[in-house]
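Presented below is the structure to which this report refers.
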Amino acid sequence: MYIRDLKNTKGHISGLTGGEWNPKSKETILTSSEDGSLRVWDVNDFKCQKQVIKPKLARPMRVPVTACAWDHEGKRIVGAVGDGSIQLWSMKSVWGSRPDIHVERAHTDDVSGLKFSVDGLILLSRSMDSTLKVWDLRQMRNPIKIFDNIPNHYAQTNAAFSPDEQLILTGTSVEKEDTTGGMLCFYDRRKLELVSRIGISPHQSVVRCSWHPKINQVFVTVGDKKEGGTHILYDPSMSQRGALVCVARAPRKKSVDDFDAQPIVHNPHALPLFRDQPSRKRQREKILKDPMKSHKPELPVNGPGFGGRVGTTKGSLLTQYLMKQGGLIKETWMEEDPREAILKYADAAEKDPKFIAPAYAETQPKPVFAESDSDEEQK
């Protein structure tokens, strides 16, 4: 937490957001991280990265890099920064932090996926702002096409090309009160228009997709907060191997040897006899919660009463309540002045003292007060 310059660290200091192999070099890897840097690694020496790239920022702060990608030749690197910008660097002997191409406010939310075309002319950017943008790398000021209304709630959602790069595909996320579910969208690269939408899962979102060039099959991953799965799209006449190996086979016939008896599981520790005794601390806590065992005193009853007894009927006893209603018991303490009520017993206390006065009767001298000469005080 005290490191200021990310170039001095031996690796990322926060979680990774993306990674990709160099298409021309099997020993080079590119990674992006929440610590706000991109790093190039050599597989043969993982103790320290080969290069650290810090994106260009308007203010000196730490902004995460949400996605990264290599171009097909392995000569350019693109990264999406959390401030909404897309930045591109070219491979050089000595790299710096200043990008060759910097597009500010490319998206209004985090970018979840970046993809170069094989010819190096097109860049795809998939964002959580529910858009897919197509960029011309020769003129990156504005996108050449924006496909909107494509929900995306996952930071791993990507965009991909078909093997001949005539189609662009990406997935959609499931929204609340949505009946369509997760779908896979196909767009024409030349005409830049929607070609088809295929429903993949009625309740789960489509996160990632990939079109394998050799077996000619589309792999789609779906999921939600509870579970996930993989769907494979294939053509019986054009696809090869892959899913066809499983689909073409007839189901295996069951034989007598396949019988599998369900074992009976015995769990002796579940019986009360074998259970461990609870700790004394838990026993004390359990006893304290029990009002009977802990001898918890009853809470005082609040409300009007008479003679120290308080009840809901202005008296805890039925006889007391009837006498009060009949007028035999009169409560005058609400109307009396407390000083007058105490002075009633002043004469009786002076004639027949019971508590403190008898203890000092023999030793206490008789008080003598000085007479005042002031006329005002006499009055």
Side-chain angles (χ1 to χ4, degrees), residues 15-21 30-34 38 63-70 77-87 103 105-117 122-135 143 145-162 165 167-189 192 194-212 217-233:
L16 295 179
T17 58
E20 191 170 308
W21 292 90
L30 171 67
T31 57
S32 60
S33 172
E34 294 177 353
L38 296 98
V63 181
V65 181
T66 58
C68 63
W70 289 95
I77 289 173
V78 65
V81 190
D83 59 0
S85 65
I86 295 176
Q87 304 182 27
V103 182
R105 300 176 182 176
H107 287 275
T108 58
D109 206 337
D110 290 346
V111 177
S112 59
L114 295 168
K115 184 67 176 178
F116 281 100
S117 61
I122 298 298
L123 175 67
L124 303 178
S125 62
R126 183 74 166 97
S127 175
M128 297 183 72
D129 60 3
S130 302
T131 62
L132 168 64
K133 294 187 179 183
V134 183
W135 304 83
K145 183 62 177 179
I146 300 175
F147 300 105
D148 52 3
N149 296 326
I150 313 173
N152 178 16
H153 304 310
Y154 292 88
Q156 297 82 20
T157 304
N158 71 326
F161 286 101
S162 60
E165 295 203 345
L167 295 175
I168 300 170
L169 58 153
T170 186
T172 64
S173 299
V174 177
E175 293 186 312
K176 293 182 179 179
E177 300 179 358
D178 188 3
T179 58
T180 58
M183 305 185 71
L184 186 64
C185 302
F186 293 86
Y187 301 93
D188 193 318
R189 176 185 172 182
L192 295 176
L194 178 65
V195 176
S196 175
R197 286 187 179 183
I198 300 175
I200 303 297
S201 177
H203 305 294
Q204 294 179 332
S205 303
V206 176
V207 182
R208 296 190 69 85
C209 56
S210 178
W211 195 323
H212 199 284
Q217 296 176 18
V218 180
F219 292 83
V220 181
T221 59
V222 299
D224 52 16
K225 294 182 179 180
K226 297 181 181 179
E227 59 182 355
T230 304
H231 294 250
I232 303 175
L233 307 180

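- In this structure, the side chain of Ser205 does not engage the main chain of Ser173 through any donor-acceptor pair within 3.5 Å.
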### Query
Stepwise, does the side-chain contact (heavy atoms from CB on, under 4.5 Å) test hold for Val222 with Val207?
CA-CA 6 Å; Val222 299; Val207 182; over 6 Å; no
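- With no hydrogens or angles considered, a side-chain donor-acceptor pair links Arg126 and Thr170 at under 3.5 Å.
- The closest side-chain heavy-atom distance from Phe186 to Ile198 is below 4.5 Å.
- Side-chain polar atoms of Ser127 and Asp109 form no donor-acceptor pair below 3.5 angstrom.
- Taking OG of Ser201 as the start and NE2 of His231 as the end, the distance is 5.0 Å to the nearest 0.5 Å.
- Here the side chains of Phe147 and Val134 are in contact, with some heavy-atom distance below 4.5 Å.
- When all heavy atoms of Cys185 and Leu194 are compared, the pair lying nearest together is CB-CD1, 4.4 Å.
- The closest donor-acceptor contact from the side chain of Thr108 to the backbone of Asp129 lies at 3.5 Å or more, if one exists at all.
- Side-chain atoms of Thr221 come within 3.5 Å of backbone atoms of Arg208 as a donor-acceptor pair (strictly under, hydrogens ignored).
- Gly171 and Ile150 get closest at one heavy-atom pair: O-CG2, 4.0 Å.
- Taking every heavy atom of both residues into account, Tyr154 and Asp224 meet most closely at OH-CA, 3.3 Å.
- The shortest heavy-atom contact between Phe116 and Trp70 is CD1-O, 3.2 Å.
- No donor-acceptor contact under 3.5 angstrom links the side chains of Asp148 and Ser130, judged on distance only.
- In this structure, the separation between NZ on Lys226 and CD on Gln204 is 10.5 Å, given to the nearest 0.5 Å.
- To the nearest 0.5 angstrom, Arg189 atom CZ is 9.0 Å from Ser162 atom OG.
- Between Ala80 and Val111, the shortest heavy-atom contact is CB-CB, 3.4 Å.
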#### Entry: Full working for side-chain hydrogen bond (donor to acceptor under 3.5 Å, both in side chains) between Thr172 and Asn152
CA-CA 6 Å; Thr172 64; Asn152 178 16; over 6 Å; no
### Message
Working note: Leu233 + Ile200, criterion side-chain contact (heavy atoms from CB on, under 4.5 Å); need CA distance, chi angles, decisive distance, verdict.
### Response
CA-CA 9 Å; Leu233 307 180; Ile200 303 297; 4.1 Å; yes
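- In this structure the side chain of Thr31 never reaches within 4.5 angstrom of the side chain of Leu38, judged on heavy atoms.
- The shortest side-chain heavy-atom distance between Ile86 and Trp135 falls under the 4.5 Å cut-off.
- At least one side-chain heavy atom of Leu184 sits less than 4.5 Å from a side-chain heavy atom of Val218.
- Judged by distance alone, the side chains of Ser125 and His107 do bring a donor and an acceptor atom under 3.5 Å apart.
- Here OG of Ser196 is found 9.5 Å from CG of Leu167. Values are rounded to the nearest 0.5 Å.
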### Query
Where do Ser32 and Thr17 land on the side-chain hydrogen bond (donor to acceptor under 3.5 Å, both in side chains) test, with the steps shown first?
CA-CA 6 Å; Ser32 60; Thr17 58; 2.9 Å; yes
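- Residues Cys209 and Asn158 are in side-chain contact: their nearest non-hydrogen atoms beyond the backbone lie under 4.5 Å apart.
- A side-chain donor-acceptor contact under 3.5 Å links Ser112 to the backbone of Thr157.
- Across Ala159 and Lys115, no two heavy atoms sit closer than the pair O-CB, 3.5 Å.
- Of the inter-residue distances, the one linking Tyr187 atom OH with Ile168 atom CD1 reads 9.5 Å to the nearest 0.5 angstrom.
- One distance of note links CG of Leu132 with CG of Leu169; it measures 10.0 Å at 0.5 Å rounding.
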